[in-house]
**Student:** 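Take this structure, written in structure tokens, and hold onto it; I'll ask about it next.
Hydrogens, waters and symmetry mates are skipped; everything else that's a heavy atom, side chains included, is used.
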Amino acid sequence: MEIIASAVSWLVNLGASVFVPLIMIIAGLIVRMKPLDAIKSGITLGIAFTGMSLLIDFMSTTISPVAQAITANTGISLPIVDGGWTTVATACWAWPYGFLLFPIMVVINIILLMLKKTDTMNADVLNVWGKIFTATCVVWLTNSILLGFIVASIQVVFELISGDVHQHRIEKLTNIPDVTCTHRMLFSCAFMYPVDCLLRKIPILNKKSDVSTLKKKVGVFAEDWMLGFLLGIVFALFAHYDVASALTLSIECSTSLTLFPVIASYFTKALTPLSTGINDFMSSKFEGRHFHVGLDWQFLGASDELWLAVYWNALVTLLFAMVLPGNELLPFAGIINVAIATAAYLVTEGNLPRMLILCTIFSPAYLYAGTFFAPVITNLVTSTGAASLAAGELISNSSIEAPMVIYGLSQCFDIINGNWLPASVLIAWFVCFHFYRRSLHKEEETDLSKITE
């Protein structure tokens, strides 16, 4: 058992830029791609992951000091440290039982494929830590490891279902065939859906309003470099930066927004031949079936709208952190919240005004979840030795993916103590997901009927 755990830990510690391309190269060879083509696609995927990670780290390094400066200027006390997703992921992988969820996820996926309950092959195995986190939250509440694994397994199933229902819309938005996203961050789409339905009833918000449309209306002011520069100025004003620091920040923000679509294009170059090869092979083995490859969110990064929403949400999160009653978390390492922006992007189909509204409305949920889960994350971090904390210090994450769903899923057993809120949140999500899923199916059927006409 220890050998298996060590092997899984070693593979995962290679990081997404090595581990995922390695998996994809092996998959390419299995489906009989030419070895050189498989290796080229895999290495290109590694380049894309590395480039995206470098840019996100660059964004975090740029914005985090702004967050500190703004809170320092206000004098507000927010005692919970924001360690971001990397600290939580490290602690999850160090959890003694965590490695078991790796084979559990794979087995569940294979069984559901064979039973024709999903058409998604989940290659996003690196994000097993998200299931481990859910399991540890259940164990924290119930002290039952078995219940933790049962709930985590339910999450695995719904990630596959989510991958299935989002695939058509994702392909429309990215033009990458047979690829979907199986990250739990997409769970938030269901809660955003009814709000977006209301926003669509407002005529001015129901027009095509992506960045390309804005460029036609306002010209240079909708260009990536200009938007980034202007956002930097806004951040600098809130942080009380001097002129030199403000200009530096603006150039750094402009650089980020300009380079993200460039880096994201490498995902398309890598994934198109891989997904085509895998789907052709699987279709030949399972006649009449059409399969999708489930990946992490990064291949969606070519969207200018997504990154504008990320920057917007960073500012909104800072402002909310200072005024929300009950929030004790200072956004820092997790301030670049891709999870909320990605969900808003998919729900609105890239409508920028509605994306910004959804990010504003749902941003408090991430802060409250970070505050709520601080004790369990602190216990996990200290018990696994993932980080050193001072006595009484709490650590959390201000960008917990799908915070309301994870809260409802992991805390629903608290109903035995008379707390009905988590179960109510979970039931509400199931209802929203049902109608959201139905709308996505209807959209796919409509689009397919237009093609056949």
Side-chain angles (χ1 to χ4, degrees), residues 84-85 88-89 92 101 105 120 122 124 126-138 148 151-166 169-170 180-196 294-298 300 306 309-310 313 317 329 331 334 336-348 355 358-359 361-374 376-377 396-412 421-437 440:
W85 74 268
V88 182
C92 286
L101 270 165
M105 187 182 81
T120 297
N122 190 2
D124 185 20
L126 193 69
N127 275 311
V128 171
W129 77 265
K131 274 70 77 177
I132 298 174
F133 176 68
T134 301
T136 59
C137 291
V138 175
V151 174
S153 297
I154 293 172
Q155 182 176 321
V156 170
V157 173
F158 274 95
E159 285 176 353
L160 292 169
I161 295 173
S162 176
D164 285 333
V165 301
H166 280 104
R169 178 167 289 183
I170 286 174
T180 187
C181 180
T182 44
H183 201 291
R184 71 187 185 279
M185 66 173 64
L186 269 58
F187 289 168
S188 292
C189 293
F191 276 131
M192 290 182 178
Y193 171 68
V195 180
D196 189 58
L295 294 171
D296 206 343
W297 68 270
Q298 286 92 341
L300 296 166
L306 190 150
V310 166
N313 186 72
T317 300
L329 176 61
I336 299 302
N337 187 350
V338 179
I340 189 172
T342 302
Y345 173 62
L346 291 178
V347 169
T348 64
M355 286 177 66
L358 288 176
C359 286
I361 292 173
F362 286 91
S363 182
Y366 291 79
L367 290 171
Y368 281 133
T371 300
F372 176 83
F373 284 113
V376 64
I377 292 175
S396 190
N397 176 19
S398 64
S399 56
I400 294 173
E401 296 91 345
M404 292 182 286
V405 181
I406 299 305
Y407 167 73
L409 192 62
S410 67
Q411 303 301 300
C412 62
L421 181 59
S424 300
V425 170
L426 188 59
I427 292 171
W429 179 79
F430 277 118
V431 173
C432 291
F433 185 76
H434 168 73
F435 288 103
Y436 177 55
R437 180 185 184 184
L440 289 175

**Student:** Taking only residues two or more places apart in sequence or in another chain, which ones pass side-chain contact (heavy atoms from CB on, under 4.5 Å) with Thr371?
**Tutor:**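 Listed in chain order: Ile80, Asn327, Glu328, Leu329.
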**Student:** Under 4.5 Å between any side-chain heavy atoms of Val405 and Gln155, yes or no?
**Tutor:**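 No, side chains not in contact.
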**Student:** Measuring centre to centre across the rings, with the benzene-like ring taken for any Trp, is Tyr407 within less than 6.0 Å of Tyr368?
**Tutor:**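 Between Tyr368 and Tyr407, which both carry aromatic rings, the centre distance is not below 6.0 Å.
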**Student:** Using modelled atom types only, decide if a donor and an acceptor are shared between the side chain of Arg169 and the backbone of Leu346 within a distance under 3.5 Å.
**Tutor:**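 Pair found, side chain donor or acceptor close to backbone of Leu346.
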**Student:** Cut-off 3.5 Å, side chains only: do Thr317 and Ser363 have a donor facing an acceptor?
**Tutor:**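 Thr317 vs Ser363: donor-acceptor pair found between side chains.
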**Student:** For Thr136 and Phe133, indicate whether the former's side chain and the latter's backbone hold a donor-acceptor pair under 3.5 Å.
**Tutor:**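 A pair under 3.5 Å: yes.
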**Student:** Taking Asn127 for the side chain and Gly130 for the main chain, is one N or O donor matched with an acceptor at less than 3.5 Å?
**Tutor:**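 Such a contact is absent between Asn127 side chain and Gly130 backbone.
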**Student:** Say whether, by atom type as modelled, one donor and one acceptor occur between the side chain of Thr180 and the main chain of Gly163 under 3.5 angstrom.
**Tutor:**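 Yes.
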**Student:** According to side-chain hydrogen bond (donor to acceptor under 3.5 Å, both in side chains), who are the partners of Thr348, at least two apart in sequence or on a separate chain?
**Tutor:**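 Listed in chain order: nothing, the list is empty.
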**Student:** Is the Phe158 ring parallel, tilted or perpendicular to the Phe433 ring (thresholds 30°, 60°)?
**Tutor:**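 Because their plane-to-plane angle is over 60°, the rings of Phe158 and Phe433 count as perpendicular.
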**Student:** For Arg437, give me all partners under salt bridge (Lys or Arg N to Asp or Glu O under 4.0 Å), at least two apart in sequence or on another chain.
**Tutor:**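 Testing Arg437 for salt bridge (Lys or Arg N to Asp or Glu O under 4.0 Å), a comparison that skips the adjacent residues, returns none.
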**Student:** Who passes salt bridge (Lys or Arg N to Asp or Glu O under 4.0 Å) against Asp196, sequence neighbours left out?
**Tutor:**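 With sequence neighbours excluded, Asp196 shows a salt bridge (Lys or Arg N to Asp or Glu O under 4.0 Å) to Arg200, Arg354, given in chain and number order.
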**Student:** Main chain of Gly370, side chain of Ser396: is a donor-acceptor contact present, judged purely on distance under 3.5 Å?
**Tutor:**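 Judged by distance alone, yes, a pair lies under 3.5 Å.
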**Student:** Side-chain donor-acceptor contacts of residues 422-429 below 3.5 Å, not counting sequence neighbours, with atom names and distances?
**Tutor:**
unit_1, atom_1, unit_2, atom_2, d
Ser424, OG, Trp420, O, 2.8
Trp429, NE1, Phe187, O, 2.9

**Student:** Report the C-alpha separation of Asp124 and Trp297 in whole Å, then their side-chain angles, then the decisive distance to 0.1 Å, and conclude whether the side chain to side chain contact (heavy atoms under 4.5 Å, CB included) test is met.
**Tutor:** CA-CA 9 Å; Asp124 185 20; Trp297 68 270; over 6 Å; no
**Student:** According to the salt bridge (charged side-chain N to carboxylate O under 4.0 Å, His left out) rule, which pairs have a member within residues 128-138, sequence neighbours left out?
**Tutor:**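 Listed by first then second residue: Lys131-Glu159.
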**Student:** For His166 together with Tyr436, are the ring centres under 6.0 Å from each other?
**Tutor:**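 When the ring centroids of Tyr436 and His166 are compared, they turn out to be within the sub-6.0 Å range.
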